[in-house]
Amino acid sequence: EEADYARMIQDLGSSRAGLAASRAGLVARPALGDIVEILAFVLMPNHYHIVLRQIEVNGVVKFMHRLGVAYAMYFNKKYERVGPLFQSQFKATHVETDDYLRSVIGYVHTNPADLMSRAGLAARPALEYLKSYRWSSFPDYIGIQNFPAITSRNFILEVMDGEKGIEDSTTDRLKIK
């Protein structure tokens, strides 16, 4: 449901920025600042991918905890359910090289292309589909305003040679998908 995706986007931003979920909604924590930078993301129907850069010690763990708690509280209240929402603890991989980072960013941004074949959309050019896929940071990286306040893009734009480099890399990755 669109509202659920939109709430996850909201929770991405607030979990990064030192806001916390409470039973009454989102409340500011005193001047914590960002604990992570969100470099890229994609929300899919049954999972999500987030590329983070840690700013403070244990920032990724704190961020993922805040995100999980905030979204589970929202979802459980909305759908009148209780208990854990996610099947298991998050999985994380440490990215140590620019080449691996480029690969991870490409994987995250092309993930929605898998939805095309499942929905019978193969006739539509995959790159155009990704440009219009709302629940991803890809549009923001190629100059299409989507959720620009969520991601910190300068580092990735530098590593991947700007907007054109990201679009070219994505096009190349789609050819092997």
Side-chain angles (χ1 to χ4, degrees), residues 1-19 26 33-55 59-60 63-64 66-68 70-71 74-75 90-93 95 97-177:
E1 186 174 313
E2 292 270 318
D4 296 337
Y5 282 94
R7 178 54 187 252
M8 179 60 100
I9 297 291
Q10 176 185 331
D11 288 346
L12 282 172
S14 61
S15 295
R16 176 203 73 223
L19 299 177
L26 294 173
D34 290 354
I35 58 175
V36 296
E37 288 180 317
I38 300 172
L39 301 179
F41 71 89
V42 66
L43 307 182
M44 302 293 289
N46 63 351
H47 68 283
Y48 58 86
H49 298 281
I50 309 170
V51 181
L52 302 171
R53 181 157 61 172
Q54 185 165 272
I55 295 173
V60 169
F63 170 83
M64 293 305 295
R66 288 178 188 172
L67 179 64
Y71 190 74
Y74 154 80
F75 196 89
F90 72 93
K91 296 176 181 81
T93 302
V95 176
T97 67
D98 286 354
D99 284 341
Y100 186 47
L101 179 60
R102 286 184 198 95
S103 177
V104 168
I105 296 297
Y107 175 80
V108 168
H109 284 161
T110 59
N111 215 251
D114 295 337
L115 296 174
M116 290 177 56
S117 58
R118 285 187 232 145
L121 300 173
R124 184 175 180 191
L127 185 63
E128 293 308 310
Y129 179 75
L130 295 178
K131 288 178 180 180
S132 68
Y133 188 76
R134 181 172 163 88
W135 310 111
S136 168
S137 56
F138 179 67
D140 289 310
Y141 271 102
I142 59 167
I144 300 169
Q145 292 267 319
N146 193 31
F147 298 106
I150 298 297
T151 53
S152 300
R153 293 179 301 285
N154 289 340
F155 176 69
I156 298 299
L157 286 167
E158 183 179 316
V159 168
M160 297 187 74
D161 298 324
E163 291 177 6
K164 182 163 178 10
I166 289 175
E167 189 166 339
D168 290 348
S169 172
T170 302
T171 300
D172 291 345
R173 186 168 185 96
L174 287 169
K175 289 176 185 172
I176 59 172
K177 248 190 177 280

Which word best sums up how the rings of Tyr129 and Tyr133 line up, parallel for under 30°, tilted for 30 to 60°, or perpendicular for over 60°?
-> tilted
What distance do Glu167 atom CD and Met160 atom CE have between them, rounded to the nearest 0.5 Å?
-> 11.5 Å
Gap separating the CD1 atom of Ile156 from the CD atom of Glu37, nearest 0.5 angstrom = 9.5 Å
Any sub-3.5 Å donor-acceptor pair from Arg153's side-chain atoms to Pro148's backbone N or O?
-> yes
Got a second to check how far Leu52's CG is from Phe63's CZ, nearest 0.5 Å?
-> 5.0 Å
Applying side chain to side chain donor-acceptor pair (under 3.5 Å), name anything that partners Ser136, two or more places apart in sequence or on another chain.
-> none
To the nearest 0.5 Å, what is the distance between OG1 (Thr110) and NZ (Lys175)?
-> 14.0 Å
Look at the rings of His109 and Tyr141 and say which category their plane angle falls in: under 30° parallel, 30 to 60° tilted, over 60° perpendicular.
-> tilted
Please answer whether the main-chain N or O of Ile166 pairs with a side-chain N or O of Thr170 as donor and acceptor at a distance below 3.5 Å.
-> yes
Minimum heavy-atom distance Leu39-Ser152, with the two atoms named = CD2-O, 3.5 Å
If we only count heavy atoms from C-beta on, is the Tyr107 to Arg173 side-chain gap below 4.5 Å?
-> yes
So, for Ile105 and Ala40, which heavy atoms are closest and what is the spacing to 0.1 Å?
-> CD1-CB, 3.7 Å
Is there side-chain contact between Phe155 and Val159, with heavy atoms separated by less than 4.5 Å?
-> yes
For residues Phe138 and Ile144, determine if any side-chain heavy atom of one lies less than 4.5 Å from a side-chain heavy atom of the other.
-> no
Validation row: Val36, Ile50 side chains within 4.5 angstrom (heavy atoms) | no
Does the side chain of Glu2 reach to within under 4.5 Å of the side chain of Trp135, using non-hydrogen atoms?
-> yes
Check whether any side-chain heavy atom of Pro45 lies under 4.5 Å from a side-chain heavy atom of Leu115, and answer yes or no.
-> yes
Are any non-hydrogen side-chain atoms of Gln10 and Arg7 less than 4.5 angstrom apart?
-> yes
Residue pair Asn111 / Val108, side-chain heavy-atom distance below 4.5 Å = no
Summary of salt bridge (charged side-chain N to carboxylate O under 4.0 Å, His left out) pairs that have at least one residue in residues 100-110, sequence neighbours excluded = Asp99-Arg102
Separation between CZ of Arg53 and CD1 of Ile38, rounded to the nearest 0.5 Å | 13.0 Å
Please check if the side chain of Asp11 supplies one atom and the backbone of Leu67 the other of a donor-acceptor pair under 3.5 Å.
-> no
Kindly assign one of parallel, tilted or perpendicular to the pair Phe147 and Phe41, based on the angle between their ring planes and the thresholds 30° and 60°.
-> tilted
Go through Ser14 and Arg66 one step at a time and tell me if the side chain to side chain contact (heavy atoms under 4.5 Å, CB included) criterion holds.
-> CA-CA 9 Å; Ser14 61; Arg66 288 178 188 172; over 6 Å; no
In Å, rounded to the nearest 0.5 Å, how long is the span from OG of Ser137 to CG of Leu12?
-> 10.0 Å
